[in-house]
Amino acid sequence: MKVSQLQKEEYHTFYQTYIDKAGDLDLLEGLEFGFKETLELFESIPNEVYDYAYAEGKWTIKELLQHIIDTERVFAYRALCFARKERAVLPGFNEDDYADCSFANRRTKDDLLEEYVNVRKSTISLFRSFSDDMLFQNGVASDVKITVRAIGFILVGHEKHHCMVVAERYL
C-alpha cells in the first residue's frame, strides 16, 4: 500500500505535512527505509553535538530523538487500538510536556539509539502483522478520525521531517 492510495478522509489535514514527506513507497518499505536513514544520520552525529540546541528554547538533539521515539510509541499504540477495533476515543499528547518529562539530556547517545532501534523494530513488526482489513480500520485520537494505514504513513513522514530539521538546523 502506497501513500498515494490514501484518501483525504483517512486523516486530518493537520497531518498533511507528514503525509507529503512520506514519499510514495510501500508502507513497510517506508518504515524500513526511514529506519535505515534515521539510524545512519543519528549514528553519524558526534556525542558532544547531542547536547546542542540550535536556538534558545529549542530541543537538543537528544530531546528531538526522544520525541521521535515517544511519538512513534504513541502512534503505534493508536494503530494497534484501531486495528483491534477499539472504539474509545484516544487522547492527544503534548509533545513539549513529554520532552520536559523525558530527561533525555541525562541519557547517552548509545542509550537513545538503542531505544530508537527497539521501538522502530517493534513498529515494523506491528505493521507487518496487520491485514489489509486492519489497515483500513479507523478510530478517533486527538479528536480526529484516522485510519491505521494513515498512522503508518504519518510515522514515516514525521521521522523524515525531523531528520530534515536535524540536517538543516543542527549540523
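Remember, it's a predicted structure, so these values are computed and weren't measured experimentally.
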Name every donor-acceptor pair, under 3.5 Å, that has one atom in a side chain of residues 46-57 and the other anywhere in the protein, sequence neighbours excluded.
unit_1: Tyr50; atom_1: OH; unit_2: Phe42; atom_2: O; d: 2.6
unit_1: Asp51; atom_1: OD1; unit_2: Lys62; atom_2: NZ; d: 3.1
unit_1: Tyr54; atom_1: OH; unit_2: Arg169; atom_2: NH1; d: 3.1

- Are Leu39 and Tyr116 close enough, and set up right, to give a side chain to side chain contact (heavy atoms under 4.5 Å, CB included), and what steps lead you there? CA-CA 8 Å; Leu39 192 55; Tyr116 168 74; 4.3 Å; yes

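- A search for salt bridge (Lys or Arg N to Asp or Glu O under 4.0 Å) contacts involving Lys36 returns Glu40, not counting sequence neighbours.
- Between Ile146 and Ala150, the shortest heavy-atom distance links the atoms CG1-CB, 3.9 Å.
- The distance from atom CG of Leu65 to atom CG of Leu113, rounded to the nearest 0.5 Å, is 6.0 Å.
- Under the salt bridge (Lys or Arg N to Asp or Glu O under 4.0 Å) criterion, the residue pairs touching residues 113-126 are Glu72-Arg120, Arg73-Glu115, Arg107-Glu115, Arg120-Glu159, with sequence neighbours excluded.
- Nearest heavy-atom pair across Ser102 and Gln66 is CB-CG, 3.7 Å.
- When all heavy atoms of Ser142 and Gly92 are compared, the closest pair comes out as OG-CA, 3.0 Å.
- Residue Met134 holds its CE atom at 9.5 Å from CG of Leu126, rounded to the nearest 0.5 Å.
- In this structure, Ile69 is not a member of the same hydrophobic cluster as Phe103, with clusters built from ILVMFWY side-chain heavy atoms closer than 4.5 Å.
- Here Arg149 contributes atom CZ and Leu6 contributes atom CG; the two are 5.0 Å apart, rounded to the nearest 0.5 Å.
- In this structure, the side chains of Ile151 and Tyr11 stay at 4.5 Å or more apart for every pair of heavy atoms.
- Hydrophobic clustering, defined by side-chain heavy atoms of Ile, Leu, Val, Met, Phe, Trp and Tyr closer than 4.5 Å, groups Val89 together with Val140.
- Residues Asn138 and Glu10 have side chains that never bring a donor and an acceptor to within less than 3.5 angstrom of each other.
- Tyr18 is not listed as a side-chain neighbour of Val156, based on a closest heavy-atom distance of 4.5 Å or more.
- In terms of heavy atoms, Ala99 sits closest to Trp59 at CB-NE1, 3.5 Å.
- Dense packing is recorded around CZ of Phe93, with more than 12 heavy atoms of other residues, nucleotides or ligands lying under 6.0 Å away.
- The nearest pair of heavy atoms linking Asp26 to Phe153 is C-CE2, 4.4 Å.
- A donor-acceptor contact shorter than 3.5 Å is absent between the side chain of Thr71 and the backbone of Ile68.
- Between the Lys21 side chain and the Ile154 main chain, no donor and acceptor come within less than 3.5 Å of each other.
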Donor-acceptor pairs are to be reported for all side-chain atoms of residues 161-168 against protein atoms at under 3.5 Å, with residues two or more places apart or in another chain.
unit_1: His162; atom_1: NE2; unit_2: His67; atom_2: NE2; d: 3.2
unit_1: His162; atom_1: NE2; unit_2: His158; atom_2: NE2; d: 3.2

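- For the atom pair OG1 of Thr123 and CG of Leu80, the computed distance is 10.5 Å after rounding to the nearest 0.5 Å.
- At distances below 3.5 Å, at least one donor-acceptor pair connects side-chain atoms of Ser44 with backbone N or O atoms of Leu41.
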- Task: I would like to know whether Tyr98 and Val74 meet side chain to side chain contact (heavy atoms under 4.5 Å, CB included); could you show each step before the answer?
- Result: CA-CA 11 Å; Tyr98 273 51; Val74 169; 4.2 Å; yes

- Task: In sequence, state the C-alpha distance, the side-chain angles, and the governing distance for Lys145 and Glu9, and then conclude on side chain to side chain contact (heavy atoms under 4.5 Å, CB included).
- Result: CA-CA 8 Å; Lys145 189 174 177 182; Glu9 59 271 6; over 6 Å; no

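- For residues 78-104, the set of pairs meeting the salt bridge (Lys or Arg N to Asp or Glu O under 4.0 Å) definition, not counting sequence neighbours, is empty.
- Taking all atoms of both residues into account, the shortest heavy-atom contact from Leu135 to Thr147 is O-CB, 4.0 Å.
- Taking the six-membered ring where the residue is Trp, Phe127 and Phe130 present perpendicular rings, their angle passing 60° and hence far from 30°.
- One distance of note links CG of Leu112 with CD of Glu63; it measures 10.0 Å at 0.5 Å rounding.
- Looking only at side-chain heavy atoms (C-beta outward), Leu31 and Leu25 stay at 4.5 Å or farther from each other.
- Taking CG of Leu155 as the start and OH of Tyr15 as the end, the distance is 10.0 Å to the nearest 0.5 Å.
- Residue Phe33 places its CZ atom among 12 or fewer non-hydrogen atoms of other residues, nucleotides or ligands, all under 6.0 Å distant.
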